Every structure is written in C-alpha cells, then in structure tokens.
Amino acid sequence: MKNDPNCKFDVAKIRSDFPILSQKMNAKPLIYLDSAASTMKPRQVVESISDLYYGYYANIHRGVYLFSQISTEKYENARSVVKKYINAKYDEEIIFTRGATESINLIAHSYGRPNLKEGDEIIVTEMEHHANIVPWQQLCKETGAKLRYIPFDDKGELILEEYDKMVSNKTKIVSIVHISNSLGTINPVKYIFNKAKEVGAVTLLDASQSIQHVKVDVQELNCDFLAFSGHKIYGPTGIGILYGKLHLLEDMPPYQTGGDMIKSVSFERTLFADIPGRFEAGTQNIEGAIGLGAAIEYVSSIGLDEIAQYEHSLLEYANQKIREIPQVTIIGNAKQKASLISFLLEDIHPHDVGTIMDKLGIAVRTGQHCTEPTMKHFGITATTRASFAFYNTIDDINVFIEGIKQVIETFE
Amino acid sequence: MKNDPNCKFDVAKIRSDFPILSQKMNAKPLIYLDSAASTMKPRQVVESISDLYYGYYANIHRGVYLFSQISTEKYENARSVVKKYINAKYDEEIIFTRGATESINLIAHSYGRPNLKEGDEIIVTEMEHHANIVPWQQLCKETGAKLRYIPFDDKGELILEEYDKMVSNKTKIVSIVHISNSLGTINPVKYIFNKAKEVGAVTLLDASQSIQHVKVDVQELNCDFLAFSGHKIYGPTGIGILYGKLHLLEDMPPYQTGGDMIKSVSFERTLFADIPGRFEAGTQNIEGAIGLGAAIEYVSSIGLDEIAQYEHSLLEYANQKIREIPQVTIIGNAKQKASLISFLLEDIHPHDVGTIMDKLGIAVRTGQHCTEPTMKHFGITATTRASFAFYNTIDDINVFIEGIKQVIETFE
Amino acid sequence: MSELNDLYQEIILDHNKNPRNWGKIDLPSNFAEGFNPLCGDKIELYVNYNGDKIQDIKFEGNGCAISKASASVMTTMVKGKTKDEITKIYNEFHQIITEGCNHDHYIDENLEVFCGVKEYPGRVKCAALAWHTLNDILKRIDNNG
Amino acid sequence: MSELNDLYQEIILDHNKNPRNWGKIDLPSNFAEGFNPLCGDKIELYVNYNGDKIQDIKFEGNGCAISKASASVMTTMVKGKTKDEITKIYNEFHQIITEGCNHDHYIDENLEVFCGVKEYPGRVKCAALAWHTLNDILKRIDNNG
Ligand SMILES: Cc1ncc(COP(=O)(O)O)c(C=O)c1O
Ligand SMILES: Cc1ncc(COP(=O)(O)O)c(C=O)c1O
C-alpha cells in the first residue's frame, strides 16, 4: 500500500473495482484526474445494471407479475438508500430526476413560479455552476423577481458580510453551491442557511460536488431542497436526485405531466398523484435509480470519513508538489477546500495544457467549467483543473506533476 | 425452427441474445408478453453500456482528452443512428430526452406556449396515452386553447369523418398516437397529417408503440415532431427521442436551462446554444444514448420488414387461438392492428387474470394502460393485455392460451 | 393449480360471486368512497352508525376478486360491532395481509382466507381497500363525537 | 515528447509567441468576431479590402496556441490575395485539418504545420476559428458586391 500516505486506505483494492482505471489512453496508463466532471463507475454499479436486464427487468409500478414487482422494489429501495444517505425524514422526500440540472429546473418551475413575485429576491453566489444561475435568471424574467449574487474574494471565499447585508425579508430563495466545481471552495452552508431561515427564505443546496466527498445531512444543514447528479457519485448518467421537505413538495404542482403521475384522467380534467409520483412522470430511469443506489451503497461501504480523509491527503500532497513549480498560479485558495486544483501556467493556454497532458495519458479538464462568472472574477477565460477521487494515488499525482513540467518544457 | 410459422425468422438465435428470456418466474419458464409496457434488452445493448464504463467513459462535449472525445463521438454517433432510422434530414433534428413523456412535454412547453393563444385548437384522439393528453390539457389551461378529441368506433378505429369536420384553420397542433398501446390500432397517420398540413397545423406523432414494429419515416409521414422512448425499442430506460423539423426547433426557446446549452452566461444575461445543444441541458444520459444507438442497430440488423412480418404471424396465431375461447371478448378489433391483444374474460377482473397468469410464469399487463379515456369509451376500467415482440414464439402463445383456460377454470 | 389455492380459495371466489351486503343504503348515516388508482379498484361504502355500533353496512364497487371478497367479508364481520371491536379486527387483518399468518396465534377463521395475500405485494392494496375506506368513516365519526 | 511534435512544432510555438499581424486596424473596411463557445477561444479580425484584394489584415484575440498560430499563419497567407486565391488556400487548409495530409499531393509549406491537427478532434475547431471568421467577412463582401 505504498500509494497510501496514511497506510490505512486500501486504494489498490478500490482500484480493482474500477476496470477502466487499468486502461491506457494514447498508449499511456490512464491517469484520470477529471472526477469533478464525472466519476468512473465501479463494477458493482455496472453489474447492478446487467443484473437488472439479465435477471428480473420489467416496467415498474403497475405490473401485477413478479418481475415488475421486483423491479419496483429495487427502484423504491434505491429511494430509501438515498434517503438514508442524506438523512432525509421520509422516502417521499426523494424525487428521481435526470440530474442536478433538472432538479434545479424543477424547483424553479414548481416552487419558484407559484411562489415568487415582483420585488422578491433570490440569492446565489458568484461561484455557481451555470445550472444554478440560468434557471433562476429565467424565473426572474417570468416573475419579476431579482437575482442577487454573494461575491467572493480573491482566495475564492464568500464575503459573508456582503451576504449579511443582502439578506432581507425580500429574500425568498437562497440557493448555493456546497463545493465549487471550479475553485474547490467548501462554502459555510450552515451559516448561510441559518441566516436565510431567519428571514423565512427557502434554501436549496447544490450538492453536486459535495455528495461524493463529505457527509451531507439535510436536516442538520437546514436544507429545504437539495440537488445532485448520479454520475458524479460513481453512479450512472441520466439520473439525479431532488430532495425536498415533505410539506414543500406536497404543495407543489407537477413539473412534467403524463403517465404514472396521475390519479385519474378524463377529457375534462386530471387529478395528480401524491408525491413522489407526482414529480416522476412517464416511465422512469429504472436502471439509473438502481445503479445510483448501488453507487451510494458502494461509497457507504468504504465510508465517507475514510474517503474525506484520504482525498484530503491527496490534495495536500498535490498542493505541496505543484507549489514547487514557479510557473503555476493556483485559482482558488480557500481555507476549506475540496480535492481539486484549478490552475494557470503563465501564458500557456489551458487547452494546450490539456492536449499535451492527454498525450501523456493524463485526463484533466480545461475551460471555464460551466462557471463563466467565476472565471470573469479572475479576469480569465479558462483554467486547467485536476480533481482527485478516492481511486487516485500518490503516483497519479507524481505523473501529473511531471506532466506539468513537460508542458512548460514544450513551450520554452 | 419449429417456433417460426414462416420458417424464415430465426427466433431461437434472437432469443439467445436476451438472457432474461431463459429466466424463470415463480418457478415457471418466463413467458414475457408485456413488451408494449417495456421491452427486454439484448446483450448487445447491455454490453454497449459495460463497454462504455469499463473501456472509455468520460463526460462529453468539453473534454480535450481522448476518452472524452471517444465518449462524445459515440454519443453523437447514436444521434446519427436515430436520424437514419427515422429518415430525418439532419442530425440536429434529433434531441435526446428522458423518454416520450418528456419529449411531448418539451414540445408543449417550447413550441406550444409561445405559439398558441385563446381560440386555437389542438387535436388528439380519444385513444391517446395520458402522456399525449395531460401536457396538452396543461397547455390549454395556460393559453386558453382548446383540446379536441377524434372519436373512435367500437372496433377501435378512428372516425375520420369526425376529424374532417373538426379540423379547421383554428387547428394549430395535431398530435396523435401512431399505434394505440391499449387497442393495438394502427392509425392512418398519413391521411390525418395531410389534412392537418392543409390548414397549416403542426403535426406530432407519438411513435412509442410503432417505432419498434414498423418503418417510421418522418419525411414520408409529414411529421413535424415525433416522440418515442428508448425502453420500448429494446434500449435502456431513461432515454428517449424528440425529433423536430430544423426550422421549428431553431425558433424554439430552451426547455430546461443549465450547463452545456449556453453560449455564454453573465450575471445579466445568457446566450443560448444552437440546436440540438439548446435542448440538452446539463450532463446528458450518455449511457442511455449509446445504449439506444446499440438497440436501434440491433433492430436494424434483424430488419423491420422481417420483424413486422413475424410479429404479424404471431398476432394471427394468437387471434385465432384466443377466439376459440368463448369467454373472451377482445377490446380493439381494428383492421390494421399491431401485435397486441387487449381482452376481457367475462366478469373475471383483469387483476385476478394477471395474478393467476403470474403464478404460471406469464407476464401480462392488466389495468387501464394509462389510457383511462379509452377504457371509458368501452365502459370498462381495465383489460388484460398480451403484447408480442419478435422474441416471442408460438409456444409462448400456446402457454398463454392454456393460462387463460386455467383462469377460467379457477373461477368456475 | 395448487399454487394458487392459497389466494384463490373457494371462499374468496364465493364472496366474489355472491358478495354479502351488496347494495346501497338509502340515507346512510355515513358514506365513503375508496379508490385505488394503481389498479382502478373502486368501492362505495354505506354505513348506519347508531352512536355506539354499526347497525347496517352495505357496499358496491368495481374491483378484483380479492378486493370484492375482502369488502364482503369485512361487512359480515363488522355489522353489529362497536368501534373498538372493529379496530381490533382491523388490526388483526392488517397484520395478516402485511406479515402473513403465524399459526401459533389464534386467527379469526373469517380472516384466514387472506393469509396468502402477503405473497402478492401487488394485491395487498386490493385487500386493504375496503378496510381503509371504513377507517375513513370511523375517523370522521371520531372527530364528530 | 516526440509524440507531441506533430502538433506543438517550433513554428506553431513561434507564431503563438510572436503572432504576425497582431493588433487592430483603425477604420477597417471589414470587421468580424469569432467565438468558439466550447473552449472559449475568441478572435477579432480587421480587414481592409479594396474591392479586389485584401490589402491589410490584423487580428487580436484570446485562445490556445493552435488557434493563435492558425490566425497568425492565415494573415500572412491571405494578405495581398484576391477572394478566389483565398478560397483556394482555405479549401486546402480545410482538407488538411479534417482529413490530414496526403504527401502525394503538393501541400503549401505554410500549412504543413497543421497536418497533425486532425489527430486532435477537440482542436480542429481551434484551428478553424480564424478561417471561419474570415469566411464570414468574405461572404458579406460577396453579398454587398
Ligand atoms: C402510446 C404511448 N405513448 C407514450 C408513452 C409514454 O412513454 P414513457 O412512459 O416511456 O415516457 C407510452 C408508454 O407507456 C405509450 O405506450
Ligand atoms: C456544482 C455543480 N452544479 C451543477 C452541476 C450540473 O450537473 P449535471 O450536469 O449533472 O446536471 C455540476 C456538474 O457539472 C456541478 O459541478
């Protein structure tokens, strides 16, 4: 276990669950440092899908026969797994969506549209992913509400005094990113949501970058709503979660309409179903839900504390090594930071960095990371981002650091 | 090939691609007669997913590294496969959605809301699936437009004279189901859409039950829009298609908003991307698209003509056998009919039929099949439905017929 | 068909064919409708409650054999009973359909036919529909008195 | 790093560091902006067209080495050329970046550095940005004349 700085975490065993990590890319062993964009999938998740399709698949919810009942049970069991993982109170508070983006759109539509009016305010941060900006801009256009942004400083930390001044009884929704996908900043959610609750605002946490790294307890954090995507927590694409407090969801009109979300349909009118069915129109992503359940069980079996600790040790090592390279400027230096590093290499464009890294087998993300306003804050258009997950090793980081040096050499 | 009435179609070979068909259900060999609810998945589809996750997975569209490029290529290749399959003109006319339900919701939102006003009319049929009723009811509520229903006769055939009287220059959208999921009726789409075009209405085809059985050519059928779900054409759940004519899609505002569907985002405003990206917000269902592509390639490799012919022979055999049972009343006796049979067994409730069949290993669907208005037409609340796909055999039908007899015996 | 005997027993088939207490009560003291959207089962339940006991009870509806038989059996069991007595029967019934029968315990012979329901998760709601509808009525009686 | 030499050659790196015709033209006869939303590359292209030839051309922008070098090389190649001559060069360039170099055919030596771009599907758009922006200008010249 030479890869493990703590000599506790069995990363070799974990890597054996991820066959793709033994692949080559451009004839070099794959060094995958793009888990913030999407994580790889363990065997357990892929097999949960083939088990479904080879073993007991059927459409869910209305079949009287056994396979339909088993499929329904497994689908609903995935809901319970998510509920437990985020410590929600009721299964009905967990809605399966297509991903974080859809979850936020659903809230903007079904909570925002009926409840907001001219003069109301929505607060987000300047470091949001586009998914937590554009739906609110659209909602503001429709309702006349105003969108406000909590600024951050040059380290990438939110300026809470500005938030304190901003929040008022006009504030109706406070929707913030838990961990920034381009800066790595871990935001002080509890402080922000407690303030929001003082003025009676509804709170939404974009947990897309936190759910796979740290414990997210919706009750402790005072979340009214929470959104994340399955594909970032080692689960399949095409599935995501919207958590909502029971009394809020119960009062919300449906988002999409169609089969499986109605009590009765006649030519004249339609009676909608109770939650969660009301928000799950049409045939659901059965394999997605089951795969997500398997992914969360996988993560839980390793243990979030162990994961957080190991990933933090990777970050520390990478930080130390990368700071030894004088041409590197790190973008995002918050004290509380998740295991990713966004950086610049003097005037070498990130896309050139990415392309050269690619040829070396190293997958890093380059660009604005769907956070254009965050980039603008720093007066830049792109960074190179390396993000670390629990299947990465100290060796991965060594190769990555060598890669940076080769990029610099190429451009000398 | 004793199972094949035409001695041409190699059903044994096909069945070997579907491992689930060798499973037992309630200790009896599975007889799966619920393909109209959802089809089973061939090995080729499941393997396209494990190949992705074990071989080359990465998030698509914005990665400079090889795996991201391969994933993007495979995703976009699936779009081309769909385009070719339905004979669309351009790749950009193919939008990946979550399923038929979402496709219709998207059209109601992004085409319907901006284009319809009070006094306008939308025409559907009395035999629609709820997915092609409820979104229009909602749209009518918002816009003041009126929803009209083409009636059908007791055989389950549309009364075209009524449609002829109904269609007028008030008609803005004509949205009809190609093949009814509860009656099996194949509707005269061409006639209906030609009439619609005469008054300048926009046409939408719900191809959920036809895309897997017959050739659907969007240009020949005069479709402006078309919707179907992947899980009914041997593909994964959580993926579906919206086809739209280029000039229509180009003028439509986005549906969901977020990452990957924008050109630029600032605090003040957002520029949306061109199609198809504008309608694919957030991380897409990559495995779903790739799996759907594999499914369509599988279907094409067998050949739609061969499939249609074989399935028709199954229907004919089943029809002949079931009519020999005097207690059976078939619901839906259109001349043009797809390979499914909805029926009643005197006063034995369909759920009891389904439960007894289940114990015999036979999967049939019972209930209103998300077509409550269709059921009301016949003054019933439910039917038992057996639907046949190309992996079914004459033996399956024999067991099914025996099953019906046992149900009748039980209740004697 | 022996596997099916556990659910589709003579007695259930008999109650299905000849439901007891079938029909309406004119001017009932209480009325409720039950609906199971998943399978479309419907029941209309008519009750005459005299402030102490259910004096008369009738039902009509549309549903599968299990839901019809369950309603029929229920009406025969609750007629003439007080609310407390009914609650006790309901609790036993509920335990039977969700957990099955433990033959160490005494089981009311009228309810024995439902011992097999548990094996059919899709049918539990059918069996429970009539009882849930009666519960609605009893709750309203509670609130008014 | 020999694998990378095909793309990141001296000449590209040189054009990236010292782009030719960098800057603005005051009062240009034609101007266009190009933008590649996928990677954020931007270019501003200034042209003086005298009704026959491109007399002067300059650019500014923000982008990767490939897009910058491509713009720089392009300006040196099209200056003083007629529209027809430019179209010919563009066609050759387009073929090179999408299909690669076939060394049986004569390849303009200025364009040879782009032979490797085809191997980097993510970078084809970077290489093409300047050319697409120039095409926008040429189309407008067409429509006005
Ligand atoms: C005719 C028809 N339309 C629409 C749908 C809805 O499809 P989905 O539930 O996959 O969105 C179905 C499937 O149930 C159908 O049969
Ligand atoms: C912070 C954050 N929010 C939202 C999203 C959107 O997630 P998805 O694209 O899966 O809907 C992402 C992922 O890119 C993210 O990092």
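Sequence lines set the chain letters: A, B, ... in the order given, protein chains first and strands last, and positions in each chain run from 1. Nothing here was measured: the structure is a model prediction, and the numbers come from that model.
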Proximity breakdown for [X] and chain B, heavy-atom pairs closer than 4.5 Å:
{"X": "A:Tyr149", "result": "side chain"}
{"X": "A:Tyr32", "result": "side chain"}
{"X": "A:Leu66", "result": "both"}
{"X": "A:Gln23", "result": "side chain"}
{"X": "A:Gln284", "result": "both"}
{"X": "A:Ile49", "result": "side chain"}
{"X": "A:Ser22", "result": "neither"}
{"X": "A:Ser71", "result": "neither"}
{"X": "A:Ile290", "result": "neither"}
{"X": "A:Ser229", "result": "neither"}

Tell me, side chain or backbone of [X] under 4.5 Å from chain A's heavy atoms, or both, or neither?
{"X": "B:Val124", "answer": "neither"}
{"X": "B:Ile286", "answer": "both"}
{"X": "B:Ser208", "answer": "neither"}
{"X": "B:Thr371", "answer": "neither"}

For [X] against [Y], the heavy-atom pair lying closest together:
{"X": "A:Gly282", "Y": "B:Thr101", "result": "CA-OG1, 3.4 Å"}
{"X": "B:Val64", "Y": "A:Thr366", "result": "CG1-OG1, 3.7 Å"}
{"X": "A:Phe272", "Y": "B:Val134", "result": "CE2-CG1, 3.9 Å"}
{"X": "A:Gly259", "Y": "B:Cys370", "result": "CA-SG, 3.9 Å"}

Self-check item: Any side-chain heavy-atom pair of A:Tyr65 and B:Arg365 under 4.5 Å
Solution: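 Yes - at least one pair of side-chain heavy atoms lies under 4.5 Å apart.
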Exercise for review: Side-chain contact test, heavy atoms from C-beta onward, threshold under 4.5 Å: evaluate it for B:Glu102 versus A:Glu102 and give yes or no.
Suggested key: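 B:Glu102 vs A:Glu102: side chains touch.
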Rounded to the nearest 0.5 Å, how far apart are [atom1] of [X] and [atom2] of [Y]?
{"X": "B:Gln69", "Y": "A:Met25", "atom1": "CD", "atom2": "CE", "result": "9.0 Å"}
{"X": "A:Gln138", "Y": "B:Thr257", "atom1": "CD", "atom2": "OG1", "result": "5.0 Å"}
{"X": "B:Asn59", "Y": "A:Lys232", "atom1": "CG", "atom2": "NZ", "result": "6.5 Å"}
{"X": "A:His109", "Y": "B:His109", "atom1": "NE2", "atom2": "NE2", "result": "6.5 Å"}

Tell me, out of [options], who's got the most heavy-atom pairs with chain B below 4.5 Å.
{"options": "A:Asp34, A:Ile133, A:Ile239", "value": "A:Asp34"}
{"options": "A:Leu147, A:Val364, A:Leu21, A:Leu52", "value": "A:Val364"}
{"options": "A:Gly55, A:Pro42, A:Ala37, A:Ser50", "value": "A:Gly55"}
{"options": "A:Gly288, A:Ala281, A:Pro236, A:Gly361", "value": "A:Pro236"}

query = Is it the case that more than 12 heavy atoms not belonging to B:Lys146 sit under 6.0 Å from its NZ atom?
reply =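 Open: at most 12 neighbouring heavy atoms sit under 6.0 Å from NZ of B:Lys146.
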Using a cut-off of under 4.5 Å for heavy-atom pairs, which of [options] has the most such pairs with chain A?
{"options": "B:Ala289, B:Ala131, B:Gly99, B:Pro350", "result": "B:Ala131"}
{"options": "B:Gly230, B:Ala100, B:Gly258", "result": "B:Gly258"}
{"options": "B:Glu126, B:Glu47, B:Glu372, B:His369", "result": "B:Glu372"}
{"options": "B:Gly63, B:Gly354, B:Ala363", "result": "B:Ala363"}

Relative to each other, are the rings of B:Tyr255 and A:Tyr255 parallel, tilted or perpendicular (30° and 60° limits)?
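Answer is parallel, since the angle falls under 30°.
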Margin query: Under the criterion side chain to side chain contact (heavy atoms under 4.5 Å, CB included), I'd like the reasoning laid out for A:Tyr53 against B:Val45: C-alpha separation, chi angles, the key distance, then a yes or no.
Written below: CA-CA 10 Å; A:Tyr53 286 143; B:Val45 167; 5.7 Å; no
Side chains of B:Thr237 and A:Tyr57 only: does a donor on one sit below 3.5 Å from an acceptor on the other?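 Checked: B:Thr237/A:Tyr57 side chains show no N/O donor-acceptor pair below 3.5 Å.
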Side chain to side chain contact (heavy atoms under 4.5 Å, CB included) between B:Phe67 and A:Ile20, intermediate numbers included:
CA-CA 11 Å; B:Phe67 280 16; A:Ile20 197 171; 4.2 Å; yes
>> Using modelled atom types and a 3.5 Å cut-off, is there a donor and acceptor pairing between side-chain atoms of B:Asn105 and backbone atoms of A:Gln256?
In response: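 Looks like no, no N/O pair under 3.5 Å.
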